[in-house]
Amino acid sequence: RSCAPRWTRIPAKSAAAGASAPANPAVAADYPRLRPRTRFVLAFVADRDQGVTTLHVARASPGSASSQPGFTSQWGPFDQTHDVPNRTLNALLAEHAVERIDFLSMDIELSEPSALRAFDIDRYRPRLVCVEAHDPTRQWLLEYFARRERQLVTRTDIWNHVYENYGGAGSNVVDVYVGYLRKKLH
């Protein structure tokens, strides 16, 4: 819930390194300590490189924030707002001289479509993309990747492939391992 797209280019024969654009200052403060090899840019990744987006932060869960107050309120009332500069993913990648992406993780709490509209996916051709898809944005995201002839793999697809002959695994197993992958690559 950090409103932070992350892109990672992992050089051969080195530990994982990358970049992150957290919009929430409360989350961004811990990033250098938790991810010392990652570059950080405080920004709201959007479809434009101008203006600011107001980020609503939930009182009960300061790490949970969204540009949409109704979405943030599911974690309780929000009592903080932060105006964060808008940036496109293309501009951030160019600014950091990134020419290729191995892993793109996008969790922008309902703003993924806006960020993807201004992203040149064909230029950067990420090998793996992990996008959080809440109900209001799910169909748009499915159509976006289908139009670009990308192979979509859902949580159910992974579950069925990995556990087709095994029973008894909990329903959040796939989420846990995707989380491990994200942490390892960040």
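All values below were derived from every heavy atom in this structure, side-chain atoms included, with hydrogens, water molecules and symmetry-related copies excluded.
Residues L141 and L116 have side chains in contact (heavy-atom distance under 4.5 Å, counting atoms from C-beta outward). Within the 4.5 Å cutoff, side-chain heavy atoms of L89 are placed close to those of L104.
In this view, R147 and E143, Y144 satisfy the side chain to side chain contact (heavy atoms under 4.5 Å, CB included) rule, not counting sequence neighbours. Shown here are the side-chain hydrogen bond (donor to acceptor under 3.5 Å, both in side chains) partners of S111, two or more places apart in sequence or in another chain: S67. Contacts of Y124 classified as ring-ring contact (aromatic ring centres under 6.0 Å, His included), with partners at least two apart in sequence or in another chain: F119. Remark: H82 engages Q80 in a side-chain hydrogen bond (donor to acceptor under 3.5 Å, both in side chains) (not counting sequence neighbours).
Applying the salt bridge (Lys or Arg N to Asp or Glu O under 4.0 Å) definition to pairs two or more places apart or across chains, those involving residues 111-122 are D122-R150.
For the atom pair OG1 of T72 and CG of L55, the computed distance is 7.0 Å after rounding to the nearest 0.5 Å. Note that OG1 of T137 is 9.5 Å distant from CD of E109, once rounded to the nearest 0.5 Å.
Tracing side-chain contacts under 4.5 Å through hydrophobic residues (I, L, V, M, F, W, Y), one never reaches V57 starting from L110; they form parts of separate clusters.
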Distance-only check: which donor-acceptor pairs under 3.5 Å involve side-chain atoms of residues 40-54, not counting sequence neighbours?
from	atom 1	to	atom 2	distance (Å)
D49	OD1	R87	NE	3.1
D49	OD1	T88	N	2.9
D49	OD2	T88	OG1	3.2
T53	OG1	N86	OD1	2.4
T54	OG1	D83	OD1	2.7

